[in-house]
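A short worksheet on the structure shown next.
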Amino acid sequence: MGIYLENGYLDFDKILSYDVPFNFIVGGRGTGKTYGALKYAVEHKIKFILMRRTQTQLDIVRKEDYQPFKKLNEDIGWSIQPIQITKYSSAFYECERDKNGKWKPKENAESIGLMVALSTVSNVRGFDATDRNLLIYDEFIPERHERPIKDEANAFFNAIETIQRNRELEGKKPMQVLCLANSNELANPIFIELGIVKRAMKLLASGTEIDICRSRAFGLYILRDSKISQLKKDTALYKLTRGTTFEAMAVDNTFEDLVGVRTASKNLKEYKPIAAIGEICIYKHKSNKTYYVSMHKMGSYEEFTISEADVMRFRHKYPYLLDAYLWDNIDFEEYACETLFKKYLFKYV
């Protein structure tokens, strides 16, 4: 069954048995990512932090009808509810109704989890989470219509630093992190900053689902064999959206930013490198005005990092690449090349 339970949902005991601190799990909707992660934390008595990208999202899931334990409470008979503790954070408790019908923590109940937002976690003063051993970062890949967070990947890394503090220097194990998302964008801010878009692309093309990188303390899990996703194909919504990018993302687990991308294999000997940025290198043909973008870097070229300033310098120095792209004069070695190229040229975040 690999990383799935008999019922088709994710097996978090199996995923966390790989024992790497950072786990990036990407797959179709309704495959048991958030449900399974929270169930794992409670059943294993692990104090956790649930993080969403924005304060707006957090404010919504604090409400009783939208809170993340609603389905678990119904299925298992729990009474776990979020109780707001600051403007920017909430805590989960086993609760009971007071005489006015409002939820309150049961007598002597301890917090089993905290809930914060990436965009505002730095505002939570005196934030001490040294007793929290699991971070569940839900929906870490934004949907296309969502507003970006400035320097989003580094905001995530700083949040980890704030939460973990010096636990490893004190001889403790690092906190385990579960980053969960639907298949929205392969070239998302965290993958771009970590330089693992190509690695994720190779995993996607390999037909396997798991890539463990112990030297960098992370695991990639791109869900391809979910029985739940296959069953959802026969439901009304996915009959309606058959053949759309929504269906590709939600049940086929195809990243939205890879749909319709063009690829071509070219002989690099016919090209001269002009610039490299992040994981890609841009080449110009030696005898015509066409270009080629590859993951392979060879020869002498100007190199740019993916910092905001360097991306701006790249755009300023090579504005003609935009015209070349719009006139279809650029070929791309593989899917990730065009995806990253567009990010850097148009809307890098």
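Values below: every heavy atom of this structure, side chains too, minus hydrogens, waters and symmetry copies.
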**Prompt:** Side chains of Asp75 and Tyr35: do they bring a donor and an acceptor to under 3.5 Å?
**Reply:** yes
**Pair Glu146 + Arg53: basic N to acidic O under 4.0 Å** = yes
**Message:** Can you tell me if Arg147 has over 12 outside heavy atoms packed within less than 6.0 Å of its CZ?
**Reply:** no
**Prompt:** Is Gln67 reaching over with its side chain to a backbone N or O of Ile80, donor-acceptor style, under 3.5 angstrom?
**Reply:** yes
**Contact check, side chains of Asp323 and Leu321, non-hydrogen atoms, under 4.5 Å** = no
**Prompt:** Are any of the side-chain nitrogens in Asp19 or Lys173 under 4.0 Å away from the carboxylate oxygens of its partner?
**Reply:** yes
**Request:** Look only at the side chain of Gln164 and the backbone of Ile160, and say whether a donor-acceptor pair between them is shorter than 3.5 Å.
**Result:** no
**Item:** Distance flag, aromatic centroids of Tyr283 and Tyr291, threshold under 6.0 Å
**Value:** no
**Item:** Lys106 atom NZ: more than 12 heavy-atom contacts under 6.0 Å
**Value:** yes
**Message:** Can a donor-acceptor pair be found, under 3.5 Å and without considering hydrogens, that links the side chain of Asn184 to the backbone of Ile141?
**Reply:** yes
**Request:** Give a yes or no answer on whether the side chain of Asp11 reaches the backbone of Tyr4 with a donor-acceptor pair at less than 3.5 Å.
**Result:** no
**Asked** To the nearest 0.5 Å, what is the distance between SG (Cys337) and CD1 (Ile330)?
**Response** 11.5 Å
**Asked** Mind checking what makes side-chain hydrogen bond (donor to acceptor under 3.5 Å, both in side chains) contact with Trp78, not counting sequence neighbours?
**Response** none
**Prompt:** Would you find a donor on one side and an acceptor on the other, under 3.5 Å apart, between the side chain of Glu338 and the backbone of Tyr335?
**Reply:** no
**Item:** Gly77 backbone acceptor or donor facing Asn73 side chain under 3.5 Å
**Value:** no
**Asked** Do Lys343 and Ile192 touch side chain to side chain, with heavy atoms closer than 4.5 Å?
**Response** yes
**Prompt:** Can you tell me how far the NZ atom of Lys272 sits from the OG atom of Ser287, to the nearest 0.5 Å?
**Reply:** 13.5 Å
**Prompt:** Which value, rounded to the nearest 0.5 Å, describes the distance between Leu223 atom CG and Ser183 atom OG?
**Reply:** 7.5 Å
**Prompt:** By side-chain hydrogen bond (donor to acceptor under 3.5 Å, both in side chains), which residues pair with Lys39, not counting sequence neighbours?
**Reply:** Glu43
**Message:** Just by distance, no angles: are the side chains of Lys33 and Asn182 close enough, under 3.5 Å, to form a donor-acceptor pair?
**Reply:** yes
**Sidechain-backbone polar pair: Asn329 side chain, Thr290 backbone, donor-acceptor under 3.5 Å** = no
**Prompt:** So, Glu303 and Lys297, do they make that salt bridge, N to O below 4.0 Å?
**Reply:** yes
**Prompt:** What class does the angle between the rings of Phe332 and Tyr325 fall in, given that below 30° is parallel, 30 to 60° is tilted and above 60° is perpendicular?
**Reply:** perpendicular
**Prompt:** Aromatic rings Tyr271 and Tyr292: how do their planes relate, parallel, tilted or perpendicular, breaks at 30° and 60°?
**Reply:** tilted
**Prompt:** How about Ser90 and Gln84: does a side-chain donor come under 3.5 Å of a side-chain acceptor?
**Reply:** no
**Asked** Side chain of His44, backbone of Ile46: donor and acceptor closer than 3.5 Å?
**Response** no
**Request:** Go through the steps to decide whether Phe140 and Ile190 satisfy the test side-chain contact (heavy atoms from CB on, under 4.5 Å), and finish with yes or no.
**Result:** CA-CA 8 Å; Phe140 80 93; Ile190 292 177; 3.9 Å; yes
**Item:** Co-membership, hydrophobic cluster, residues Tyr344 and Ile282, 4.5 Å side-chain
**Value:** yes
**Request:** Look at the rings of Phe156 and Tyr137 and say which category their plane angle falls in: under 30° parallel, 30 to 60° tilted, over 60° perpendicular.
**Result:** parallel
**Request:** Please check if the side chain of Asp211 supplies one atom and the backbone of Leu220 the other of a donor-acceptor pair under 3.5 Å.
**Result:** no
**Request:** Would you mind reporting whether Glu279 and Leu340 have side-chain heavy atoms less than 4.5 Å apart?
**Result:** yes
**Request:** Measure the spacing between CD1 of Ile306 and CD1 of Ile277 and express it to the nearest 0.5 Å.
**Result:** 8.0 Å
**Request:** Could you go through the salt bridge (charged side-chain N to carboxylate O under 4.0 Å, His left out) check for Lys150 and Glu308 one step at a time?
**Result:** CA-CA 10 Å; Lys150 185 176 176 61; Glu308 184 176 4; 2.7 Å; yes
**Transitive ILVMFWY side-chain link Tyr66 to Tyr93, under 4.5 Å** = no
**Asked** Does a donor on one side chain sit under 3.5 Å from an acceptor on the other, for Thr120 and Gln55?
**Response** yes
**Message:** Test your reading of the model: is there a side-chain donor-acceptor pair from Lys286 to the backbone of Lys269, 3.5 Å cut-off?
**Reply:** yes
**Asked** Given the rule in the side-chain contact (heavy atoms from CB on, under 4.5 Å) test, do Phe24 and Asn188 qualify, once you have shown the distances and angles that lead to the verdict?
**Response** CA-CA 12 Å; Phe24 300 99; Asn188 61 78; over 6 Å; no
**Request:** Taking only Lys NZ, Arg NE, NH1 and NH2, and the carboxylate oxygens of Asp or Glu, determine whether Lys317 and Glu302 approach each other closer than 4.0 Å.
**Result:** yes
**Request:** Give a yes or no on whether Lys202 atom NZ has more than 12 heavy-atom contacts from other residues, nucleotides or ligands under 6.0 Å away.
**Result:** no
**Request:** Search all heavy atoms of Gly32 against all heavy atoms of Leu10 and return the closest pair with its distance.
**Result:** O-CB, 4.3 Å
**Message:** When you compare the side chains of Ser206 and Thr208, does any donor N or O come within less than 3.5 Å of an acceptor on the partner?
**Reply:** yes
**Prompt:** So Lys266 and Glu333, side-chain contact (heavy atoms from CB on, under 4.5 Å) or not? Walk me through it.
**Reply:** CA-CA 7 Å; Lys266 301 290 184 178; Glu333 178 188 33; over 6 Å; no
**Asked** How long is the span from the NZ atom in Lys198 to the CG atom in Leu186, to the nearest 0.5 Å?
**Response** 13.0 Å
**Message:** Please evaluate residues Lys70 and Glu64 with respect to the criterion side-chain contact (heavy atoms from CB on, under 4.5 Å), reporting the C-alpha separation (whole Å), side-chain torsions for both, the decisive distance (0.1 Å), and the verdict.
**Reply:** CA-CA 7 Å; Lys70 186 174 187 293; Glu64 183 175 346; over 6 Å; no
**Request:** Would you please classify the geometry between the Tyr318 ring and the Tyr320 ring as parallel, tilted or perpendicular, with 30° and 60° separating the classes?
**Result:** perpendicular
**Item:** Evaluation steps, ring pair (Phe, Tyr, Trp, His ring centres under 6.0 Å), between Phe92 and Phe69
**Value:** CA-CA 9 Å; Phe92 291 105; Phe69 276 97; 5.1 Å; yes
**Message:** Measuring from atom CZ of Arg52 to atom CD of Gln57, what distance do you get when rounded to the nearest 0.5 angstrom?
**Reply:** 4.5 Å
**Message:** I'd like to know if Glu110 pairs up with Lys47 as an ion pair, taking the criterion as any Lys NZ or Arg NE/NH1/NH2 lying under 4.0 Å from an Asp or Glu carboxylate oxygen.
**Reply:** yes
**Request:** Identify the heavy atoms of Phe304 and Ala275 that sit nearest to each other, and give their distance.
**Result:** CE1-CB, 4.1 Å
